[in-house]
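Structure, as structure tokens:
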Amino acid sequence: MQFPRYKAVLAAAGVAAALGLSAAAQSHAADHAANVPLPKVIPGFDASAMNTSVNPCDDFYQFACGNYARLHPIPSDLPEYDQFVSLYEFNTAALHRIVVQAEHAGPHRTANQQKIGDYYQACMDTSQIDRDGLAPLKPMLDRINDLTSKKQLPALIADLNNQDVTAFVNFGSQQDLKDASKEIAVIDQGGLGLPNRGYYLRTDPRSVKLRQEYVQHIANVLQLLGDPAAKAQSEAKNIMQFETELAQASMGIVERRDPYKTYHLETVTAFAPTVPVLDVPEFLKATGAPPVTSLNVAVPGFFTGLNKAIEDTPLSTLKDYMRFHLADSYSEQLPQSFDEEHFAFYGRDLTGTPQQQPRWKRCVSATDHALGDALGQLYVAKYFTPSQKKEALTMVHGIEAAMQQDIEQSSWMSPATKQKAIQKLHMIADKIGYPNKWRSYAALIIKPEDALGNSRRAREFETAYQLNKIGKPVDRNEWFMTPPTVNAYYDPSQNTINFPAGILQPPFYDKNEPAAINYGHIGAIVGHELTHGFDDQGSQFDGKGNLKDWWTPQDRKNFDARTACIANEYSSFTDAGLHVNGKLTLGEDTADNGGVHLALMALLAREAMDGGHIPGPAPSAAAARYTPEQQFFIAYAQNWCSNMRPQMTRMLIQSDPHAPDAIRVKGVLDNMPQFDKAFSCHVGQPMDPAKKCSVW
Ligand SMILES: [Zn+2]
């Protein structure tokens with residue numbers, strides 16, 4: 001289940017992982033260089049990005065970030081450049097040093113070094129990949145080609161699901177939303193190659209064109225698999241028709257934000273007859289999951305739709321559909337023509353990026369994806385010190401204390417609900433940097449010169465790991481992001497806030513900057529994740545992580561009125577010619593607003609505790625021209641300095657629960673009297689509207 005992430009589709013990194021967008025002017029020179037240079041680090045206070053000729057009360061984003069786009073042209077291999085990408089690029093270069101070292105560590109290397117080194121080596125060995133051609137995929141292609149009846153589908157669908165190939169459904173494990181102590185099986189809608197349902201149904205010219213490009217992409221992949229051009233074209237149209245039927249049966253992204261709408265615990269016996277084509281008992285057995293008698297059928301309507309779509313579609317089309325997704329899913333481990341074709345659609349058409357990332361970057365990401373804890377251990381040993389962890393924890397505790405105070409002082413909650421909220425707050429676990437216990441990869445076989453086999457085994461290893469949780473106790477220490485990730489998250493079922501070592505770095509946390517700047521950066525991010533525990537979704541879960549109403553009806557009504565104010569405010573904003581969908585971004589917007597508010601409270605409390613002194617080093621001369629509060633707001637705004645291709649902006653508005661970057665600045669600061677005071681803004685100026693929204 002997708003929970004609200006800090007920046008879900010994290011620029012290049014997230015898109016690379018989520019959509020397989022990727023890279024490369026394949027510079028083999030850089031590939032084998034032991035060290036690519038570590039990119040320049042952007043400082044916490046970036047005076048060069050500011051355009052001080054703009055009045056901060058008119059447009060604070062332009063004031064704080066007005067020169068950023070000019071100074072940071074988007075590299076040709078990325079859909080955007082921003083502060084997250086700058087750190088992502090730094091971390092990727094740092095990880096590159098580690099994987100190359102592991103590759104060449106000699107006969108005495110550790111088991112983890114062998115896996116990391118060989119995974120990276122095999123991924124980089126494009127001559128071997130080209131020589132192998134389609135051979136590594138042949139056993140799976142044969143299985144698909146050999147199908148003679150739809151009755152054989154369930155076992156194959158299970159196999160594709162285990163390999164994380166897009167095919168019909170998503171099956172996995174999750175914490176039971178209503179009993180967070182349990183791990184249960186979940187089956188959910190799936191099977192789409194475009195980012196979500198809306199992409200299949202919108203009728204505007206851009207959406208129509210993108211669908212044509214997708215159909216062409218399908219045809220191109222089938223042609224690469226050996227189908228004659230004309231045949232591939234008609235196969236692609238049929239596949240598109242089938243996916244459109246699945247899209248029609250799917251739940252939209254706004255509706256999916258309501259946790260009750262994706263929670264339907266059913267017995268296998270009751271669920272099975274609703275989708276006979278899946279032969280549920282047979283399918284479950286084939287996944288290798290522990291036996292279950294019940295499961296969460298996340299979107300029941302999808303499965304009746306799926307059943308009809310499979311019944312109505314000829315077996316030959318279903319086979320083409322599976323062949324296409326199988327090959328596309330492994331495009332990075334197949335000959336260059338597949339890799340380039342995948343990028344042509346997911347990189348160029350969907351996000352407007354002209355060039356693929358160099359292969360070394362993609363292979364570093366792939367190694368992180370496959371062996372996150374093994375690589376992460378080596379990363380944190382080098383790039384995350386105990387003092388960084390200690391400082392982060394001090395900040396987190398201060399921000400939690402601010403949240404408690406904010407709840408206690410709230411004018412719109414009754415004492416009963418306040419008490420429950422504080423109880424929940426106290427039960428949040430703070431996870432900083434990396435897991436307490438590293439995961440073992442002993443059972444995962446990684447071989448040199450076997451890129452596709454390695455990828456397949458890593459995917460199956462991961463699925464088996466997730467499925468094995470079913471019926472076992474929940475491990476609250478587990479992380480869902482790898483240590484070098486430039487991101488953070490709140491998990492409502494675990495009731496934890498999680499900050500990987502990868503984001504606790506400059507510019508977000510910079511030990512050379514005073515606390516005023518660090519609280520504007522990482523402090524606002526900490527506050528953001530904490531607030532997720534109390535946004536429109538998180539507030540429906542209790543301290544134990546159970547979906548359970550702990551609000552009085554009147555307090556819930558007050559809360560809903562306050563969040564509606566935020567949803568309306570953000571819906572009035574536009575970017576790239578599209579309206580922000582305030583209902584889609586509500587959780588993130590609430591978290592942004594609360595986050596900055598709480599980080600400022602915590603900063604002022606820390607200042608007071610220090611006798612009016614801001615902890616940390618003195619500000620640079622450029623920063624010292626501003627008061628500590630002004631520095632704080634500039635730092636917050638500079639979290640969102642970015643330069644983005646319009647295609648990417650449009651894709652994010654149509655799929656990402658976060659508002660566009662400049663709006664994350666404007667929306668929050670419009671609502672903050674403290675900002676108006678810090679910059680002497682007057683009611684009626686653009687950054688000081690009379691109507692202000694606030695929840696936390
Ligand atoms: Zn978030």
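Counting starts at 1 for both ligands and their atoms, following the listed order.
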Between the Zn ion (ligand 1) and Glu588, which N, O or S atom of the residue is the nearest one? OE1
I'd like the atom name of the N/O/S atom in His528 lying closest to the Zn ion (ligand 1). NE2
Below 4.0 angstrom, N of the basic side chain to O of the carboxylate: do Arg606 and Glu391 qualify? yes
Could Glu478 and Lys437 be called an ion pair, given the rule that one side-chain N must be under 4.0 Å from one carboxylate O? no
Establish, from distance only, whether the side-chain atoms of Asp179 and Ser181 form a donor-acceptor pair under 3.5 Å. yes
Salt bridge check: are Arg476 and Asp491 linked by an N-O gap of less than 4.0 Å? no
For the Zn ion (ligand 1): the N/O/S atom of His532 at shortest distance: NE2
